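This report concerns only the one structure given below.
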Amino acid sequence: MIYLNNAATTWPKPAPVLKALSDAAEGLPQGQFRGTGCSTDVFGELRKSLAELFHAKDWERFVLTSGATDSLNILIRGLGIPADAYCITATEHNSVLRPLYNISGIAADPGPVVVPCNSCGLVDPDQLEASLRSNTRVILVSHCSNVTGAVQDIRAIGDIARRHGLYFLVDASQSAGAMPVDIDGWGIDGLIFTGHKSLMGVQGTGGYYAGSRLPLLPVRFGGTGRNSRQVIYNLQDRDDLEFEVGTQNGPGAAALLAGVRWILDRGVQQIGAQERARMRELYAFLQALPDTEVFGNAEQNAGPVMSFRLKALSPSDTAYILQNSYEIVTRTGLHCSPLIHHFIGSDPEGTVRVSVSPFTTEDDIAQFETAMREIIS
């Protein structure tokens with residue numbers, strides 16, 4: 001089996017991740033602030049490792065959740081800012097679009113500003129700045145497109161946010177672990193990440209970073225293992241608020257910690273360079289393949305994901321043949337990002353998406369190329 005669907009969930013996982021998951025499941029349960037007998041604070045160590053990877057001084061501002069979708073819903077609802085005060089881009093995932101348009105009490109006509117992208121999926125920061133409304137309060141941008149692999153200029157957009165006094169949220173679901181992320185250097189107020197993609201963790205893990213500027217209020221209440229006598233919180237006192245409630249995913253946190261440390265040991269720059277080399281091979285091959293449309297190019301699309309389609313076959317038929325005749329796993333459709341397809345020209349069927357990981361080999365790419373040549377012929 002050749003797995004080229006890493007933008008959905010990376011596979012295989014590094015051996016230390018699998019060992020950490022197994023050890024956590026077999027050992028004493030992890031219980032944050034609940035004294036279960038474990039000598040290691042997995043949750044605290046995970047926050048510190050995330051802060052090191054994402055260049056954030058305040059590691060205690062990382063909150064663990066079940067993933068990016070959970071984090072985005074918590075942030076959007078917890079900020080309590082109307083949807084029409086958001087500026088987003090056409091590259092956003094439904095985990096951004098649906099909370100903004102559907103959460104009761106927040107969705108508002110005319111809705112958020114949606115900044116267009118070019119045919120590669122890139123957003124022009126100057127156009128974004130020109131699109132801001134007088135009532136805009138939040139800029140929310142996906143760092144790397146899960147459709148084309150376009151990587152936005154987060155530093156430039158962060159400068160715009162600071163210049164206009166806006167809150168700046170970045171969805172790093174596709175970039176975290178695959179390329180550098182600099183929370184403090186880029187002026188990011190809120191970073192959203194998931195564990196099961198390039199952070200090499202397992203499904204059902206992730207979280208967000210909430211900077212001190214964000215007027216975030218909790219939207220979930222329950223047990224925390226701290227002051228159990230407290231029932232009512234003072235919502236005006238930032239130090240009195242708690243954002244992680246209930247029993248956390250201890251085995252998942254242990255696996256994610258192992259994944260982040262695996263990335264730190266190898267270096268995110270080295271991982272990114274290896275993945276970009278594989279992507280350049282794919283772009284060069286597919287762009288030269290007859291009757292094939294490639295959405296983007298190796299120069300403008302630096303992420304570990306790309307999209308294409310064959311002119312003679314639907315994306316779903318192409319992927320079906322790849323999987324059932326060649327045991328090559330890809331993904332098709334709109335990839336939960338419906339707006340971008342209008343701008344890159346892949347409506348209504350979407351694309352075939354190919355995505356790599358540090359475990360994707362040259363032989364994997366060669367076998368994919370052989371399969372594509374046979375399908376074309």
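What you are looking at is a predicted structure, and each value in this text was computed from that prediction instead of being measured.
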Using a 3.5 Å distance criterion without hydrogens, assess whether the side chain of [X] forms a donor-acceptor pair with backbone atoms of [Y].
X	Y	value
S377	E374	yes
S71	G207	yes
S355	N6	yes
S22	L18	no
N118	L122	yes
K197	T10	no
S337	I340	no
S131	Q127	yes
Q174	A7	yes
R47	F62	yes

Quick one: pull up [atom1] in [X] and [atom2] in [Y] and give me the separation to the nearest 0.5 Å.
X	Y	atom1	atom2	value
N94	Y101	CG	OH	11.0 Å
L97	L339	CG	CG	5.0 Å
I88	D171	CD1	CG	11.0 Å
I2	L4	CD1	CG	7.0 Å
L140	L169	CG	CG	4.5 Å
L199	L50	CG	CG	7.0 Å

Side-chain contact, heavy-atom cut-off 4.5 Å: [X] with [Y]?
X	Y	value
S49	L257	yes
R373	T370	yes
Q300	T148	no
M372	L322	yes
I76	Y86	yes
E52	V260	no
L132	I160	yes
V356	E275	yes

Sort and list the pairs that fulfil ring pair (Phe, Tyr, Trp, His ring centres under 6.0 Å) and have at least one residue in residues 140-175, not counting sequence neighbours. H143-W186

I need the full list of ring pair (Phe, Tyr, Trp, His ring centres under 6.0 Å) pairs touching residues 261-304, with sequence neighbours left out, sorted by first then second residue. W262-F359

Filter on salt bridge (Lys or Arg N to Asp or Glu O under 4.0 Å), then keep only pairs touching residues 200-220, sequence neighbours left out; what's left? D70-R220, D189-R213

Residues 302-316 vs salt bridge (Lys or Arg N to Asp or Glu O under 4.0 Å), sequence neighbours excluded, gives E293-R309

Please evaluate residues V17 and L21 with respect to the criterion side chain to side chain contact (heavy atoms under 4.5 Å, CB included), reporting the C-alpha separation (whole Å), side-chain torsions for both, the decisive distance (0.1 Å), and the verdict. CA-CA 6 Å; V17 172; L21 183 66; 5.6 Å; no

Same cluster (ILVMFWY, side-chain, under 4.5 Å), [X] and [Y]:
X	Y	answer
M179	V354	no
Y3	F368	no
V63	V96	yes
V141	F343	no
M306	V329	no

Regarding [X] and [Y], is there a side-chain donor-to-acceptor distance under 3.5 Å anywhere?
X	Y	result
H335	T351	yes
T361	D363	no
E92	T89	yes

In sequence, state the C-alpha distance, the side-chain angles, and the governing distance for V147 and T91, and then conclude on side chain to side chain contact (heavy atoms under 4.5 Å, CB included). CA-CA 8 Å; V147 177; T91 70; over 6 Å; no

Please walk me through it: do T332 and T318 pass side chain to side chain contact (heavy atoms under 4.5 Å, CB included)? CA-CA 9 Å; T332 68; T318 303; over 6 Å; no

How close do [X] and [Y] get, counting heavy atoms only, and between which atoms?
X	Y	value
P304	A178	CG-CB, 4.2 Å
S346	H341	OG-ND1, 2.6 Å
T330	R353	CB-O, 3.4 Å
I263	S198	CD1-O, 3.2 Å
T205	A253	CG2-N, 4.5 Å
A24	P251	CB-CA, 3.6 Å

Test ring pair (Phe, Tyr, Trp, His ring centres under 6.0 Å) applied to Y326 - qualifying residues, sequence neighbours left out: none

Those residues that, when tested against F54, pass ring pair (Phe, Tyr, Trp, His ring centres under 6.0 Å) (two or more places apart): F193

Within a radius of less than 6.0 Å around CD of Q287, do more than 12 heavy atoms belonging to other residues, nucleotides or ligands occur? yes

Test log, rule side chain to side chain contact (heavy atoms under 4.5 Å, CB included), inputs T360 and I365: CA-CA 8 Å; T360 304; I365 302 302; 3.9 Å; yes

Walk me through whether E281 and R278 qualify under salt bridge (charged side-chain N to carboxylate O under 4.0 Å, His left out). CA-CA 5 Å; E281 295 171 15; R278 299 286 179 265; 3.7 Å; yes

